[in-house]
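Comments concern the structure below.
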Protein chains: 4
Amino acid sequence: MPKDTFFNLSIEKRQRIIDMAIDEFAKYSYDKVSISKIVDKAEIAKGSFYQYFEDKKDLYKYLLLNVIVEKKVNYLSHFTLKMQEESFFEVLKALYIAGINFAKDNPKLAEISDHFTKNTDDNLKKEIYDGSIPKSNALLEGLLLKGIAKGDLNPDIDIKLTAYILTSLTISIGEYFIKELKVEDDMEIMTLIDNMLLIFEKGIKNKG
Amino acid sequence: MPKDTFFNLSIEKRQRIIDMAIDEFAKYSYDKVSISKIVDKAEIAKGSFYQYFEDKKDLYKYLLLNVIVEKKVNYLSHFTLKMQEESFFEVLKALYIAGINFAKDNPKLAEISDHFTKNTDDNLKKEIYDGSIPKSNALLEGLLLKGIAKGDLNPDIDIKLTAYILTSLTISIGEYFIKELKVEDDMEIMTLIDNMLLIFEKGIKNKG
Amino acid sequence: MPKDTFFNLSIEKRQRIIDMAIDEFAKYSYDKVSISKIVDKAEIAKGSFYQYFEDKKDLYKYLLLNVIVEKKVNYLSHFTLKMQEESFFEVLKALYIAGINFAKDNPKLAEISDHFTKNTDDNLKKEIYDGSIPKSNALLEGLLLKGIAKGDLNPDIDIKLTAYILTSLTISIGEYFIKELKVEDDMEIMTLIDNMLLIFEKGIKNKG
Amino acid sequence: MPKDTFFNLSIEKRQRIIDMAIDEFAKYSYDKVSISKIVDKAEIAKGSFYQYFEDKKDLYKYLLLNVIVEKKVNYLSHFTLKMQEESFFEVLKALYIAGINFAKDNPKLAEISDHFTKNTDDNLKKEIYDGSIPKSNALLEGLLLKGIAKGDLNPDIDIKLTAYILTSLTISIGEYFIKELKVEDDMEIMTLIDNMLLIFEKGIKNKG
DNA sequence: TATGAATGAGATTTCATTCAT
DNA sequence: AATGAATGAAATCTCATTCAT
């Protein structure tokens, strides 16, 4: 967590620092991000940075666990709404839509998340997430179980594996979206997600 | 490509260098791999390294595009055999089996591939692969087209997206294999792949 | 010397600052003492510190030359009393007892003195004491001269050297006391001092 | 220990580096010594330093435990010779003479030793000496025991305390020598030591 | 008088690459 | 062809002190 000094700064300055940090962490992976570059671009003294943040990791954690999460919350409102009532595939769709809309509106933040997911330093990962990745699979496993209970899904599927596949698709669908399509049109996103989910739907839904 | 000097070395020395490089690139991501460590472990002078290779990238490229690819070829023989005659799903299965067997028999090389796939420096990626990832998708897109032509697949599927999904699954299935299962038994691997493909099969095969 | 602003503070605040400063200077040597830590622990603003003291050195000087000296005065009352009448060795003994009792009752202050004595930055030393160490020797040289005059001491001894030795012993006896003995019992301290002085007594007293 | 690369350097270069390091460590305490300054004065690249030494501590250890010790050995030859046969006071005298002559001929090295002895960071001290300071007292305690056995010394003296005193005097006599006398004349040194030892001799020798 | 954000020089350390021998 | 010493830019981080409010 940033120090109090950081939160006592003017909003403009705080935002400038965060923005420049986002710029760099979106462009480079953790190791390659340079604090010197960030302070240069944010036009603050190097010493000031260390008055605001414990160290590089502190800033990184803050971006990942606060700035990004905060932004993401809005996008997940539909998902959480649907979560209660709808069929498994509707909920899953809401989840993907949330993810993609977030990436569309906040490409840099999505890029940072992407860098983090792909980061290979497991120690750093563990220290920052401390179990949140398994949690992400737990979320999907829970959804799958509910889906089976509701009768939406074929009870014979391998839950763990299916969850793994769905998680991995979150990433690939995001990449596909970023690299192949540069869609402005929301309809296309919907179509994309529909197509992807259709494949699964047939594969894992209950025939009954 | 390594310089001629490298290929003029005795096989033993060449192998020693390659082995130590594989060790390091399997352990660390590109940035964190230390040339100093490699030359130490291979017991060659640092200057010599730069007489064999242009630079760090040169070695990395060589490992990825030559050493690894060369090893992989054997594993793909079944796949290429089946490619001619069998149904789409048989071919796909052969492709996955090849990939998993390769990872099982050459864990370090698989690790290097993994590191590369997850590497976040797009410039490096582009410079090394320079279109090979699209090519990898092109392979799958080709398979899909053939599958449609043969009547195996539903002609309405989004080919590009489906190819993307299948590629992404290569990665996730590999990870799942490495982290969740520590299978000695080939049967389990087969079951794993069967389960995964079943989901797709239902999703994309031709109902007719 | 601290600025007037410091002395205008409430006694409580002043004491809090001094106490925290003592804590830090007892724990660390001059260079390693952190003003930031002191102001944090004393709960004053960093800017305030520089309105009370010129700089770090100013605080340090104040502790050494005022706070500590002030405390020491009581302990030297016996010494000064005896100074008039008693034999050289009685006076010397009183001096050592004063020193050790001071260290026993004010371990942090003693630690600060210790750090200072051992500090290696001669410039700082000179600037702070500015002749006080020679003065400390002058005290002993005076005692020795008096002792000779009284007939207590052998007039042939090298006064300067003997004074130097006695000064150095103040330090070593203090360390020995702190590190080897953890005496609660005053008797043991007396015995320790007696033993040490006995060695000298035989060495420098007048045989006549 | 310095790395091999250091010992492979030309004698001139090696000496230049050592000399500049000695200069700095004689002037400043460990913490204040700047590697940057040393490399500047030795006219080597900063990176080179780290090819020769692990880090700052490595260089410091090398100076203390190798460079200085090596130089000191010669000075102790008389001492070790006398150690076998002579009376306690002769041996002690030889020890002091060795110490003082060393300091006279190698004032900077003596200064470094002095800085180290007075250094307050016990962790560093422990790491470097790892028990050598108690050993120094053990040496004197051994001498004292031998002296008692031979009948040179009063068996009633407190051995530990006496050893402590003698150790402390090694330091103070060195300082006295450096600061008060700037003797060229060896005779004066002898007189100085004789005077000091006389005091002790009377104090602790066997009356019988 | 009180505050605490701002400063910036300077510290140690790393490492791919070059180059003289 | 082989060697390994030399390089130096760039990295993170520290901290006493200043200064605007």
Side-chain angles (χ1 to χ4, degrees), chain A residues 3-10 13-14 31-39 43-59, chain B residues 3-6 8-9 13 31-40 43-59, chain C residues 3-6 8-9 13 30-40 43-59, chain D residues 3-10 13 31-39 43-59:
Chain A
K3 302 178 187 172
D4 287 344
T5 50
F6 179 65
F7 296 108
N8 294 337
L9 292 178
S10 72
K13 196 167 194 175
R14 222 156 67 206
D31 284 317
K32 286 227 179 142
V33 164
S34 154
I35 295 296
S36 298
K37 222 173 178 178
I38 292 175
V39 301
E43 287 176 311
I44 60 170
K46 211 177 285 183
S48 298
F49 178 86
Y50 287 91
Q51 296 237 31
Y52 307 149
F53 298 93
E54 216 66 64
D55 51 19
K56 189 181 179 178
K57 209 159 49 189
D58 192 26
L59 167 62
Chain B
K3 301 177 186 172
D4 287 344
T5 50
F6 179 65
N8 293 336
L9 293 177
K13 195 168 191 177
D31 285 318
K32 292 225 177 138
V33 163
S34 149
I35 293 295
S36 297
K37 221 172 175 180
I38 292 174
V39 300
D40 278 2
E43 288 176 310
I44 60 168
K46 213 184 266 181
S48 299
F49 178 86
Y50 285 89
Q51 276 182 324
Y52 306 150
F53 298 93
E54 215 63 65
D55 53 20
K56 190 180 180 179
K57 212 158 46 190
D58 191 26
L59 166 62
Chain C
K3 301 177 185 172
D4 286 344
T5 50
F6 179 65
N8 293 337
L9 293 176
K13 195 168 191 177
Y30 180 77
D31 285 319
K32 292 228 177 137
V33 164
S34 148
I35 294 295
S36 297
K37 221 171 174 181
I38 292 174
V39 300
D40 278 2
E43 290 177 308
I44 60 169
K46 214 183 267 180
S48 299
F49 178 86
Y50 285 89
Q51 277 183 321
Y52 306 150
F53 298 93
E54 215 64 64
D55 52 20
K56 189 181 181 179
K57 212 159 46 192
D58 190 26
L59 166 62
Chain D
K3 302 177 186 172
D4 287 345
T5 50
F6 179 64
F7 296 108
N8 293 338
L9 292 178
S10 72
K13 194 168 195 174
D31 284 317
K32 285 226 180 143
V33 164
S34 152
I35 295 295
S36 297
K37 222 173 178 177
I38 292 176
V39 301
E43 288 177 309
I44 60 170
K46 214 176 284 186
S48 297
F49 178 86
Y50 287 90
Q51 296 237 28
Y52 307 148
F53 299 93
E54 216 66 64
D55 52 20
K56 190 180 178 179
K57 209 159 51 191
D58 192 27
L59 166 62

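First the proteins, then the strands, lettered A, B, ... as listed; each starts at 1. Worth saying up front: this structure is predicted, and the values here are computed from it rather than measured.
In this structure B:Asp58 satisfies the salt bridge (Lys or Arg N to Asp or Glu O under 4.0 Å) test with no other residue, sequence neighbours excluded. Not counting sequence neighbours, the partners of C:Tyr30 by the ring pair (Phe, Tyr, Trp, His ring centres under 6.0 Å) test are C:Tyr60. Evaluation of the salt bridge (Lys or Arg N to Asp or Glu O under 4.0 Å) rule for D:Lys46 yields no partner, not counting sequence neighbours. For C:Tyr52, the ring pair (Phe, Tyr, Trp, His ring centres under 6.0 Å) test picks out no residue, with sequence neighbours left out. With sequence neighbours excluded, the residues satisfying side-chain contact (heavy atoms from CB on, under 4.5 Å) with A:Lys3 are A:Thr5, A:Glu54. By the ring pair (Phe, Tyr, Trp, His ring centres under 6.0 Å) test, C:Phe6 is found to be paired with C:Phe53, C:Tyr62, residues two or more places apart in sequence or in another chain being considered. Looking at residues two or more places apart in sequence or on another chain, you find a side-chain hydrogen bond (donor to acceptor under 3.5 Å, both in side chains) between A:Lys37 and A:Tyr28.
Per the geometry, CG belonging to B:Leu59 stands 12 Å off P belonging to E:dA16, to the nearest Å. For C:Lys3 and E:dT1, the NZ to C1' distance is 12 Å, given to the nearest whole Å. When the P atom of E:dA5 is taken as reference, atom CZ of A:Phe53 falls 13 Å away, rounded to whole Å. Going from atom CD of B:Glu43 over to atom P of F:dG4 covers 12 Å, rounded to whole Å.
Residue A:Asn8 places at least one side-chain N or O under 4.0 Å from the OP1 or OP2 atom of E:dA5.
As judged by a 4.0 angstrom heavy-atom cut-off over every strand, A:Lys37 is placed among residues making no nucleic acid contact. No contact: B:Ile44 has no heavy atom under 4.0 Å from any strand. No contact: B:Phe6 has no heavy atom under 4.0 Å from any strand.
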**Report entry** Chi angles and distances behind the side chain to side chain contact (heavy atoms under 4.5 Å, CB included) call for C:Asp55, C:Ile35
**Finding:** CA-CA 9 Å; C:Asp55 52 20; C:Ile35 294 295; over 6 Å; no
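Of all the heavy atoms in B:Lys13 and B:Ile44, the pair that sits closest is CE-CG2, 3.7 Å.
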Heavy-atom contacts, protein to nucleotides 15-21 of chain F, under 4.0 Å, summarised as B (base), S (sugar-phosphate only) or - (none) per nt, yield BSBB---
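In this structure, C:Tyr52 and A:Asp4 both approach DNA chain E, and ranking their closest nucleotides by distance from the 5' end singles out C:Tyr52.
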Annotated structure of DNA chain F as dot-bracket, pair cut-off 3.5 Å, Watson-Crick or G-U only, | for inter-strand, is .||||||||||||||||||||
